[in-house]
Amino acid sequence: QQPPIKIGMSMPQTGGLAGGGKASLLGIEIWRDDVNAKGGLLGRKVELVVYDDKSSASETPAIYAKLVDVDKVDLLFAPYATVPTAPIMPFVKQRGLLLMGNFSFQVNSKVGHDMWFNNAPWGPADSWAASFLDLAQKAGGKNMALLTADQEFAQNLAVTARDVAKKRNIPIVFDQVYPPNTVEFSSIIRALKAAKPDIVYVASYPPDSAGILRAVNEIGIGDSVKIFGGGMVGLQFAAVMSNLGSLLNGVVNYNTWLPEKSMYFDGTKEFFDKYTKRAIEAKVDPLGYYLAPFGYAMGQMIEAAVNSTKSLDQKGIAKYLRENEHKTIVGPIAFSADGERKETATLQAQFRGVKDKDIEQFRSSGKQVILFPDKLKTGELITPFEAARN
Amino acid sequence: MFSMDLLLGAVLLGVLLGCFYAAVSVGLSVSFGLLDVPHVAHPAFLVMASYGVYQLNESYDIDPLLAGLAITPLFFLFGLLAYRVYHETFEKRGSDAAVRGIAFFFGIAFIIEVLIILQFGVDQRSVSATYIGKAWRFGEMRIPIRQLVAFAVALALTVLLAVYLSKTFMGRAIRAVAQDEEALRLMGANPVRIKQFAFGIATAVLGIAGALLIIVAPVEPTLDRAYIGRTFCVVVMAGLGSISGTLIAAIILGVAESIVLTLFGASWAPAISFAMLLGVLAVRPQGLLGR
Amino acid sequence: MNKRSHSIAFWAGVAVFLIAVLTMTQIVRNEYPFFAGYVILQFIALAVAWSILGGYAGYVNFGTNAFFGVGVYTAVALFKATGAPLMLQIAAGAVVGMTLGFGVGLLTLRMRGIFFSIATIALAIIIETFVMNWRFVGGAAGIQIQRPPVMAPFDSYVKMLFFVQALLAVTAVSIARYIQNSRIGRGLQALRDDELAAECTGVPTLKLKLVACMISGGLISAAGAPAAMYLQYADPSSAFNLSYSVSALAMALIGGTAHWIGPVLGAILLGSTQQLLAVTISSEVNVLVLGIMLVLFVVGAPKGIIGLLRPRYRLRAGGKP
Amino acid sequence: MALSLAIEGLDAGYGAVKALRGVTLHVEAGETVALLGTNGNGKSTLMKCIMGLVRPDSGRLALSIDGVTHDLARLSPEAIVDLGVALVPEGRRLFPKLTVTENLMLGAFRKMARSAIQQNLALVFDTFPVLKERRDQLAGTMSGGQQQMLAIARALMSSPRLLLIDEPSVGLSPLLVSQTIAKIGELKQRVGLTVLMAEQNFNQAIRIADRGYIIVHGEIAVAAQSVDELKANDIVKRLYLGGVA
Amino acid sequence: MTTVAAADTPLLQVGTLTKTFGGFTALDNISVDIKKGERFGLIGPNGSGKTTLINCISGALRPQVGSVVFCGEDITQLPPHLRARRGIARSFQIPRPFRSMTVLENLMVGLDFAAAGSAAAEEEIAMSILTRMGLAAKAGAPSDTLSQVELRKMELARAMAVRPKLLISDEAMAGLSSSEVDEVLDLLISLGEEDITIIMIEHIMQAVMRFSERVMCLDAGKIIALGVPAEVMANKRVQEAYLGT
Ligand SMILES: Nc1ncnc2c1ncn2[C@@H]1O[C@H](COP(=O)(O)OP(=O)(O)OP(=O)(O)O)[C@@H](O)[C@H]1O
Ligand SMILES: Nc1ncnc2c1ncn2[C@@H]1O[C@H](COP(=O)(O)OP(=O)(O)OP(=O)(O)O)[C@@H](O)[C@H]1O
Ligand SMILES: [Mg+2]
Ligand SMILES: [Mg+2]
């Protein structure tokens, strides 16, 4: 019996990122069980070594040092999200280690590590804002309001949004950054409404996304608004979605995977069957669309690379990952030189016909109609925003 | 972008927000302001109450405010128990209970956070009620009804507590107990029982405050950390133990936050409200209505 | 033992410790001990520095995170602007920390007890907000940092940081020990008990408070300054994390504040438990263990670990917030 | 109105410090008994034992009221206060951040006293007019002597039957000392108060005392049956009557 | 030995001092000179402003109007610790011990900061002061275990440890028996012989009479009498407001 192949990672299991971290980990665990059921990799079982980084950047350096130097893991996965990932980028570069990224945003742009591969569908940095503004301009949007959380992810989105707007000569009539832990958005929304924007681009964090939508519903946002949303983190999670219910209608927001017919690939359905069952026991997100399948896909890519290179040589694996397109449950994935997706596969989707207090409704198609990218599109934008809300 | 209308709206919304702050702080004003218990777990208790309300709302469809009222007796008992534990294991022995108490209650707060995570998971939770998500039209203005609810409840709570503390024998004993326990004993009152009872009240109030918290915005297990600064800020700015001061301080804070959010941009809001706290303390080191 | 031989023993101990640390960096290949050890040493420096103000003088500083973050961002700003070497970053961190300490010291003029503690929380939030809005150092999004090449005799940057942090911890301990044994210590203790009586007995309370704030603040910021190089990344929410405040206070109390060895023991215990928990019981349960430990210790050892070891330290333990 | 306090063989102290040794003493209804002794001899400790604030190591503490005997060593201070015992503690022990009125109202916490608040308030305001003037001042900002008055007044608010006073004259001006002592004497007549009083101002104390004890190193050295006997005692002569011209 | 001329310049000059609390005037235009080596008694009804006056002299309070000149230097704006270093020490009427320290350590604070010397010598001096105050047996006791009277004595001892030129005692003898009063008086008088100027606040008349070379009586913040003890005691206003005889 050969020793198992160890894959090491930290994962936020407490703190602000825990919700995503747990769902992501469950996706990876399902892959591990699948691959082990098939006899493992290179005939060896796969074992995960996972530590909690408490959603904090200051914990991860020591954890990854331990994974590499003490646990002597064979491969590294990154923790969910940007903040915990950022401090380990220089470390893996110095050590020449392969790192599979997990939904972080632009952490490799300054480091330039050539053995980094992000599983997220983000693609080029500006594609995100570009796709939203494409939709907005097509709907007749001429000026933009920007409301962003003072958090790294949202700020990164805001920066690209300002750039893209500038390039396209879209004036920004309102640009506010709100601090974490803001309780009440009524005041902010009143001010935003007073600016009479056509396009409202919101980059918010989970606790705030709900607050913003509530305030929008209560205070109103004005008939001028053609499109609302874009970068609201949180609206991908089942708990938030079922809380907000009908308040979601009309919002156009980014997503990564949705139960629309264009999104099913080889193994996708089987994956969600397993996930749904296990999520209940593990008390994690019951839908798990946003992160879990990408955790699984990360495993699939490693599986393919190891099986075809027939070794655990990290350079070889990196080379394979860089040069091939990979079939996964979230569709084909190909990487560009910086380790991000060659082409963006970040969805923009509009909520429609959502009722209150019902998680199950989100399992059926049509609740979130995909507007972008064209390849995956399942419907057209309803505009203006107010019209799309009923 | 400035307009009188916007300013007025900001003030109005700020008053409502302030009342909400008062409601979540007033218990602390008793437990910390009057009893000198360094209750840094107060916000954790608050979040726990919100989860209680959530549970009732979710499984029995009880109105969140009613649910808050329903768990109030439970929280009263919980407060009695919590104080008992604090007292027996701790206060009884240490002369420097105050600083160590901070560490103790931080420990308790961590434990509560984790227990909530184990029971409910890490996702956000919120409740539904007819008045959530609706607004009351007031001329041009639209005021969220959930904020009006917070306003009314906070006002009622503070008035009730203030009257209770100044007009009843028990209330006066509660205000005296931290100043000299032995002397209070000489008055024929058992200081431990008084403190326990007062702590019970301070915790019971959290039942309703917790309902408001989850009515106003969704909660998640570690939300308490965001409220440590805010609640202590309100209580200290008020002047320790002053109930009416708590309401005033909270409203000042709410209005300032709201004005800054509406007119100057949100990213400086926390700096400004806490700078105001420093300003108040610089002029009146004992707080607005402190003695 | 008399004072003199105490001193000789202490400095001999310091020398042995530093030599051991240096030797370790030369012979141990595995880097993990240095990553983890760095954090523990940092905790020692923080806890000892905190207790100079919080323990001796009884002014409970909740703003440890403010000083820590200021140290981090002084280093970041300096490094980004001039590429200054590590030692200069730390020195600058210490100076800025002392300046901030001076400001905090002025708060003690008017505010006693918990008012002071709350004011330090407020200060931390205000400074964090400033940093969040300061685009040069990356603002809220944080900033990634490329380490310069490591200097001899070290073969890895982390080992060097480990040694540097050991130096900082030793500095903090030496200063705390000096204060404790000098009349400054007695003056701080007197003003903790009764400021007016101390003043009327000839204790220059304002000066002592300012000195204590500046030393404590300078040391905390200095201990924070290398964190940017350690993480090779800095972001406001990590640098100004409230957990630094909680940990510093908890470690000092768990160890006991009557003697400088208390915070050291507390930091070693809590720091290594945290490190150990993070890599063993991996889930929310490790926070639970931490919470329970905190509660058990303050309950079970009212005078801290040193109170358990030497009951005569009954006096001087802890202050009023 | 039968009330008597009987103490037998009382030992008490603080850990290693033995403050009282075999103290035997009794106080009968309507009496005013003086307790003398130089500082640190255990007078206050004795008072605290009677109030239940210090638990005796051994000995008997019996308070009989209307034929019912209560073992004070087993009762809590609150229960003892409820029986109608009140102590004016040394060091005043006021609630510094409450006003004069609030301090007085707390004096009437005991259920029995609540109905008599108005009478008692009138009584103490009459005794110490300055308290009425300063009714809204915070107790902590009053002068030393004013605080002492407030402490006595607060104890009277509980309508006590047995009043223990630890050094009532400390910090009071000569005029107020004699007024206060006279007032205590008057109350004794008016409401049948029984008083046990530790008082160093011997000349004032014997104006109203019926008899007295001298406590030396925690032991009762002299139990005088009358004021004259006290005056004639050697220890008293040495401690209180000698020296100063 | 001091020259005649130097002895003539007052050690302490208080000029037109006025202190108000809110609307209440606690000190009203007080002027008084105190000579070097003088034993000065300060009396007055409760709340007449005695403590407030010495608070202004020691720097614990700042007067609204007026000046305090010590040894020819205007110290009105100096903080208390600098006044302590120049030689002004005081005791507190309501004791304010350093609770976390032993009695000996309490004294060491003053010796360390106001009268610095070598550590070993300091401890000796502290012990000798304690012995003179009759507190030697309590030197190692934590100060929070002292009785009230012991605390007052420690207050005085701690003030002495500052090695002052001017020692202000605020009712340090309250609660002492007359023989103990005598002992403390002897001590103070012997300090006076060492050229230390002493201001003593007391309500114990024998003590004031025996101790003071001059007595000043305050009433409602004003000086109503100032002179040799017998004169002041004979003053009609003093008798009405204060002595009551
Ligand atoms: N909490 C305590 N712990 C230890 N010893 C104490 C405590 N309280 C008092 N003592 C000691 O017990 C002895 C008796 O004290 P007590 O207060 O009863 O004396 P007293 O006769 O009232 O004296 P005084 O006239 O000074 O008030 C004193 O020596 C005192 O130091
Ligand atoms: N902080 C304060 N606020 C309001 N009034 C005050 C304050 N401090 C003192 N007073 C008042 O000033 C007056 C003078 O007080 P002071 O303490 O000087 O009296 P005293 O002469 O020392 O009296 P005693 O003999 O009773 O100690 C008193 O009426 C007192 O109530
Ligand atoms: Mg006594
Ligand atoms: Mg006085």
Side-chain angles (χ1 to χ4, degrees), chain A residues 10-11 13-16 18 22 25 49-72 82-91 93-95 105-112 148-159 177 179-181, chain C residues 28-40 42 68 72 125 128-129 132-133 135 138-147 150 156-158 161 224 227-239 241 243-244 274-288 290:
Chain A
S10 82
M11 200 53 89
Q13 289 167 68
T14 49
K22 290 191 159 188
L25 182 60
V49 183
V50 187
Y51 301 130
D52 177 19
D53 58 38
K54 307 194 181 101
S55 309
S56 155
S58 43
E59 303 274 339
T60 44
I63 291 176
Y64 277 79
K66 169 141 197 296
L67 287 170
V68 174
D69 292 336
V70 178
D71 301 326
K72 307 226 183 298
T82 309
V83 167
T85 306
I88 52 176
M89 290 305 294
F91 172 80
K93 186 177 181 190
Q94 279 146 20
R95 295 286 190 94
F105 193 74
Q106 292 294 315
V107 283
N108 197 28
S109 56
K110 294 217 183 70
V111 182
T148 49
D150 212 348
Q151 294 267 14
E152 44 80 31
F153 186 71
Q155 282 307 303
N156 280 326
L157 290 189
V159 169
V177 179
N181 303 323
Chain C
V28 177
R29 299 274 314 273
N30 183 340
E31 283 206 323
Y32 171 65
F34 300 101
F35 273 101
Y38 172 90
V39 176
I40 294 171
Q42 170 189 297
F68 189 90
V72 172
I125 295 174
E128 184 181 353
T129 310
M132 282 209 167
N133 286 286
R135 295 298 156 201
I143 185 170
Q144 280 176 325
I145 292 162
Q146 297 282 348
R147 285 176 189 152
V150 65
S156 99
Y157 211 90
V158 173
L161 285 172
M229 286 293 157
Y230 171 79
L231 294 177
Q232 307 186 62
Y233 173 72
D235 73 300
S237 51
S238 305
N241 201 319
S243 74
Y244 290 113
Q274 271 181 354
Q275 286 298 306
L276 215 69
L277 285 179
V279 294
T280 45
I281 319 169
S282 204
S283 66
E284 53 280 325
V285 177
N286 76 39
V287 180
L288 187 66
L290 208 66

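Sequence lines set the chain letters: A, B, ... in the order given, protein chains first and strands last, and positions in each chain run from 1. Everything quoted here is computed from the prediction, not taken from an experiment.
- Each of Tyr230(C), Tyr233(C), Tyr244(C) was evaluated against Ser58(A); a single residue qualifies, Tyr244(C), per the side chain to side chain contact (heavy atoms under 4.5 Å, CB included) test.
- Contact count versus chain C (heavy atoms, under 4.5 Å) is highest, among Ile88(A), Val70(A), Thr60(A), for Val70(A).
- The contact between Asp235(C) and chain A is made entirely by side chain atoms (from C-beta outward), counting heavy-atom distances below 4.5 Å.
- Glu31(C) CD to Gln94(A) CD: the interatomic distance, rounded to the nearest 0.5 Å, is 8.5 Å.
- Between Ala140(C) and Asp150(A), the shortest heavy-atom contact is CB-OD1, 2.7 Å.
- Contacts of Pro179(A) with chain C are absent, with no heavy-atom separation under 4.5 Å from either backbone or side chain.
- In this structure, the portion of Glu59(A) lying under 4.5 Å from any heavy atom of chain C is its side chain and not its backbone.
- Both the backbone and the side chain of Val83(A) come within less than 4.5 Å of a heavy atom in chain C.
- For a residue to count as touching a neighbouring chain, one of its non-hydrogen atoms must lie under 4.5 Å from one of that chain's; by this rule Phe91(A) touches chain C with backbone and side chain alike.
- Residue Met11(A) does not touch chain C at all, counting heavy-atom pairs closer than 4.5 Å.
- Heavy-atom distances place no part of Lys93(A) under 4.5 Å from chain C, backbone and side chain included.
- At a 4.5 Å heavy-atom cutoff, the contact between Glu152(A) and chain C is made by backbone and side-chain atoms alike.
- Chain C forms more heavy-atom pairs under 4.5 Å with one residue of Asp71(A), Leu67(A), Val107(A), Val159(A) than with any other, namely Val107(A).
- Both the backbone and the side chain of Val111(A) come within less than 4.5 Å of a heavy atom in chain C.
- Across Lys110(A) and Gln144(C), no two heavy atoms sit closer than the pair CB-OE1, 3.9 Å.
- Most heavy-atom pairs under 4.5 Å with chain C: of the set Gly15(A), Ala18(A), Pro87(A), Ser56(A), this distinction falls to Pro87(A).
- Using a 4.5 Å cut-off between heavy atoms, Arg29(C) does not touch chain A at all.
- Listed here is the closest heavy atom pair of Ala62(A) and Gln275(C): CB-OE1, 3.9 Å.
- The side chain to side chain contact (heavy atoms under 4.5 Å, CB included) with Pro61(A) is formed by just one residue from the set Leu231(C), Val39(C), Val158(C); it is Leu231(C).
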